[in-house]
Amino acid sequence: DVKVTQSSRYLVKRTGEKVFLECVQDMDHENMFWYRQDPGLGLRLIYFSYDVKMKEKGDIPEGYSVSREKKERFSLILESASTNQTSMYLCASSFGMETNSPLHFGNGTRLTVT
Amino acid sequence: LAKTTQPISMDSYEGQEVNITCSHNNIATNDYITWYQQFPSQGPRFIIQGYKTKVTNEVASLFIPADRKSSTLSLPRVSLSDTAVYYCLVGDKGNTGGFKTIFGAGTRLFVKA
């Protein structure tokens, strides 16, 4: 089974802090994704990457950046955390570049910014 | 924006068959239709995927008409543990060649005893 591991289940950070959310997948997948999930809004795509050092903006990239230095690791960075970034963050990976490749999700990181 | 539209919520009783219909009027020729299930405090989990006609696995069936503008997820004989949010989605090409998958708000299914 594909395993997508997010480094923290819960995080509490202060406004203005730089925050790193880490995600690792163990199945040599090309594609990795970061979503955030908020009540009533579903999952919204922040950034995705289809290769090492490649990244593309999703629907809500403002306030975030990403890093993919190795194929198995995809990091989400909040340069200066704000309270409106309090959310559940979900990382996912998929094999190949075709739209029929299912996503495999981690269990999420619940971030609270105070 | 999500390319799919589905009901916000549905209720059912244990043992019934549940059908959740999703519309995707702008589906592209190469797009597959994929359904995910999400329980509270977990990431979504892949259920089933199809391109046309009917697909069946051990969990569900997926019916796709010839025009592919909609699809129906069918859950046979639901149980309380099927209470979850169900997402229908199709793929979308990104600007740099990669693809991205856009989720809508999903359908919240509540199964009652």
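Just so it is clear: chains get the letters A, B, ... in the order the sequence lines come, proteins before strands, and each one is counted from 1.
Hydrophobic clustering (ILVMFWY, side-chain heavy atoms < 4.5 Å, transitive): A/Ile46 and A/Phe48 are in distinct clusters. Criterion: ILVMFWY side-chain heavy atoms under 4.5 Å apart, direct or through other members. Under it, A/Ile60 and A/Phe74 are part of a common hydrophobic cluster. Hydrophobic clustering (ILVMFWY, side-chain heavy atoms < 4.5 Å, transitive): B/Val111 and B/Trp35 are in one cluster. Tracing side-chain contacts under 4.5 Å through hydrophobic residues (I, L, V, M, F, W, Y), one never reaches A/Tyr64 starting from A/Leu43; they form parts of separate clusters. Residues B/Ile20 and B/Val59 share a single hydrophobic cluster, defined by chaining ILVMFWY side chains whose heavy atoms lie under 4.5 Å apart.
Counting only distance, with no hydrogens or angles, the side chain of B/Tyr36 and the backbone of A/Leu103 share a donor-acceptor pair below 3.5 Å.
In B/Tyr13, the OH atom is not crowded: 12 or fewer heavy atoms of neighbouring residues, nucleotides or ligands sit closer than 6.0 Å.
Your options are B/Gly106, B/Gly50, B/Pro44, and the one with the most heavy-atom pairs under 4.5 Å with chain A is B/Pro44.
Residue B/Phe46 comes nearest to A/Pro102 through the heavy atom pair CD1-CB, 3.4 Å, listed as atom of the first residue, atom of the second, then distance. When all heavy atoms are compared, the tightest approach of B/Gln38 to A/Leu90 is NE2-CD1, 4.0 Å.
Heavy atoms closer than 4.5 Å to chain B are found nowhere in A/Arg44, neither backbone nor side chain. Looking at B/Tyr51, neither its backbone nor its side chain comes within 4.5 Å of chain A, counting heavy atoms on both sides. Heavy-atom distances place no part of A/Gln6 under 4.5 Å from chain B, backbone and side chain included.
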